[in-house]
> 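Here you go, one structure.
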Amino acid sequence: MPCPFLGSLNQAFTRNYGAALLKQYGNYCPVISRGFRSLGNDETKCPFIQKNAIVSEAPKEMSEDIVETIPPYKYEKFFHDQISAKKKDYSYRVFRKVSRLAADGMYPQALEGTENRRVTVWCANDYLGASRHPVVQDAAVNAIKSYGTGAGGTRNIAGNSQMTEKLEDEIAKLHKKPAALIFSSCFVANDATLSTLAKLLPGCIIYSDAGNHASMIQGIRNSRAPKHIFRHNDPNHLRQLLADSPAGVPKLVVFETVHSMSGAICPLEEMCDIAHEYGALTFVDEVHAVGLYGKHGAGIAEERGIQDKIDIVSGTLGKAYGNVGGYIASSSLLVDTIRSYAPGFIFTTALPPPVLAGSLAAIRLLASEEGRSLRAKHQSNVRYLKLSLLVAGLPQLPSVSHIVPVPIVGADKVALVAESLMKRGHYVQAINYPTVARGEERLRFAPGPFHTPEMIDSLITALIDAFHENNIVFNEFMKNGTCRECSMEYKVEIGQDELYKFPMQVA
Ligand SMILES: Cc1ncc(COP(=O)(O)O)c(C=O)c1O
């Protein structure tokens with residue numbers, strides 16, 4: 001049936017003003033409005049019906065065609081399925097209740113669970129205990145008293161304090177670069193810097209190490225720049241890929257010095273030299289090295305005397321420096337470009353006063369003589385743990401740094417061993433997918449300068465028991481100080497000052 005309302009109008013008028021009429025009266029029309037909403041008794045609002053009382057209802061057959069009843073999306077079911085998938089492959093993460101203690105004599109212990117059981121912490125990245133050092137604590141507390149707890153806004157609006165600038169100057173000095181920029185974390189620093197740079201540089205190509213941390217992968221993905229992945233810490237593969245790259249095009253070579261999960265250290269000089277040979281900029285993540293290596297704690301580049309070979313260095317204030325936040329250091333113009341263009345830097349609240357003051361104090365502390373002494377003790381304890389694992393015949397991955405990974409294949413197995421250790425008073429988190437690839441699960445130990453030889457001995461005993469308890473077979477490499485397989489005497493470099501730690505093994 002033709003619309004009695006429109007039908008009463010002149011045809012030319014309807015043709016010319018149809019759209020406007022629909023807009024004005026469509027909502028009152030019992031037929032048209034069904035396309036937009038459930039009508040109820042709205043037909044009474046139709047100016048035509050009200051006036052002429054001709055039609056009160058659209059025919060049923062028409063409304064059947066128009067009204068669709070699609071059930072709403074089942075969001076909760078979707079989330080439930082996602083979580084179930086994680087639980088099925090044992091990669092579902094359960095955060096332990098662990099409150100690390102800061103008081104003298106308590107560190108590196110924590111209160112665990114709801115009963116506050118005392119455990120020794122083996123997996124914190126507060127590597128040197130800077131988070132509880134009195135100088136760092138005092139700086140943070142005084143900053144709160146003077147300036148409050150929060151920055152009060154983005155850097156542009158309320159958060160650019162003198163302390164912010166002092167901290168950036170200190171970071172730039174540490175890395176021997178003209179400028180530095182701080183971010184809310186190093187995840188953000190890596191993501192924001194890489195995505196912004198590779199988007200801005202025309203035609204930029206990225207060369208990324210296969211072992212790169214998720215933050216760098218995220219930045220590279222977000223840039224949408226073409227990328228090539230070279231084998232982890234393999235300079236030959238990097239050269240091979242760069243040799244095929246077009247000349248004169250901007251390129252970024254992106255990698256870490258100390259690998260967070262294996263403890264491997266990259267061939268830094270070689271990789272930088274290759275990158276520069278092909279006209280690329282080097283972006284190097286020193287997150288697990290800052291505070292820990294080099295005379296002033298600037299990282300592997302400082303230890304090797306090659307800080308100038310890194311074009312952009314990124315670091316964290318959240319691990320060895322015991323606070324939170326991340327940074328890059330580079331040329332003044334590059335830093336100013338990121339400051340001016342990176343949304344991850346621009347549109348977020350600045351780091352708060354206690355973090356700025358605490359980080360500044362921590363960087364200065366770890367650059368000092370006390371920092372050097374903490375680093376020496378740290379490395380000595382790392383050697384002791386590695387040797388103790390070896391002597392006990394427990395497996396360990398060949399790490400050359402302070403990170404000591406003990407492989408236990410299977411997400412279920414590694415979680416069980418971590419649980420057994422917790423029962424015995426040792427907290428170490430099981431590492432599984434997606435932090436490492438499936439089949440490369442591990443426990444990642446990070447002994448610090450405040451772990452005592454007794455704690456390490458107790459950990460080894462607990463590990464042996466935990467392996468037995470969970471039926472994990474391991475070989476005792478050593479019998480009476482020699483290798484079980486070839487009878488070669490096992491030697492390890494230990495300084496005279498460390499001998500006291502090895503009463504059993506050395507005798
Ligand atoms: C290699 C690496 N880079 C970057 C980050 C991110 O640092 P932040 O914790 O400051 O976000 C991490 C953190 O674990 C890391 O391991």
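Each ligand, and each atom within it, is numbered from 1 in the order the structure gives. Note: hydrogens, waters and symmetry copies are ignored here, and every other heavy atom, side chains too, is used.
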> Could you identify the single nearest non-hydrogen protein atom to atom 11 (O) of ligand 1 and state the distance to 0.1 Å?
F187 N, 2.9 Å
> Taking 4.0 angstrom as the limit and counting only heavy atoms of N190, give me the atoms of ligand 1 inside it, by number and element.
3 (N), 4 (C)
> Going by an N to O cut-off under 4.0 Å, is there a salt bridge joining K423 and E469?
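Salt bridge flag = yes for E469 with K423.
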> Report the C-alpha separation of H259 and H232 in whole Å, then their side-chain angles, then the decisive distance to 0.1 Å, and conclude whether the ring-ring contact (aromatic ring centres under 6.0 Å, His included) test is met.
CA-CA 10 Å; H259 191 267; H232 181 43; 4.9 Å; yes
> To which protein heavy atom is atom 5 (C) of ligand 1 closest, and what is the distance rounded to 0.1 Å?
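Going atom by atom, the protein heavy atom closest to atom 5 (C) of ligand 1 ends up being H213 CE1, 3.4 Å.
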> Has R132 got its NZ or CZ under 6.0 Å from the middle of the six-membered ring of F450, at an angle within 45 degrees of the ring axis?
yes
> Evaluate whether atom NZ of K173 has more than 12 neighbouring non-hydrogen atoms of other residues, nucleotides or ligands under 6.0 angstrom away.
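Atom NZ in K173 is not packed in, count stays at 12 or less.
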> At a 4.0 Å cut-off, with the gap strictly under it, does some heavy atom of A189 reach an atom of ligand 1?
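No, A189 has no heavy atoms under 4.0 Å from ligand 1.
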> In terms of ring plane angle, is the pair Y127 and H288 parallel, tilted or perpendicular, where the classes change at 30° and 60°?
perpendicular
> Would you mind running through ligand 1 and noting each atom that sits below 4.0 Å from a heavy atom of G325?
10 (O)
> In terms of residue, atom name and distance, what is the protein heavy atom nearest to atom 3 (N) of ligand 1?
D285 OD2, 2.6 Å
> Quick test of your reading of the structure: of E256, H288, K319, whose heavy atom lies closest to atom 13 (C) of ligand 1?
K319
> Could you identify the single nearest non-hydrogen protein atom to atom 7 (O) of ligand 1 and state the distance to 0.1 Å?
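The answer is C186 CB, 3.3 Å.
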> Could you tell me if any non-hydrogen atom of H259 lies under 4.0 Å from any atom of ligand 1?
no
> When you check the gap from the basic side-chain N to the acidic O, do E112 and R96 get nearer than 4.0 Å?
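Salt bridge present between E112 and R96.
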> Could you tell me whether the side chains of E286 and H175 share a donor-acceptor contact shorter than 3.5 Å?
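Their side chains do not contain a donor-acceptor pair, so the 3.5 Å distance test is not met.
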> Hey, which atoms in ligand 1 end up nearer than 4.0 Å to a heavy atom of T316?
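Taking each heavy atom of T316 in turn, ligand 1 has 8 (P), 10 (O) under 4.0 Å.
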> Does ligand 1 have an atom under 4.0 Å from some heavy atom of S215?
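S215: in contact with ligand 1 (<4.0 Å).
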> Side chain, backbone, both or neither: which applies to M216 and ligand 1 if a contact is any heavy-atom pair less than 4.0 Å apart?
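Looking at M216 and ligand 1, no heavy atom falls under 4.0 Å.
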> Would the H378 and H402 ring centres measure less than 6.0 Å apart?
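Ring-ring flag for H378/H402: true, centres closer than 6.0 Å.
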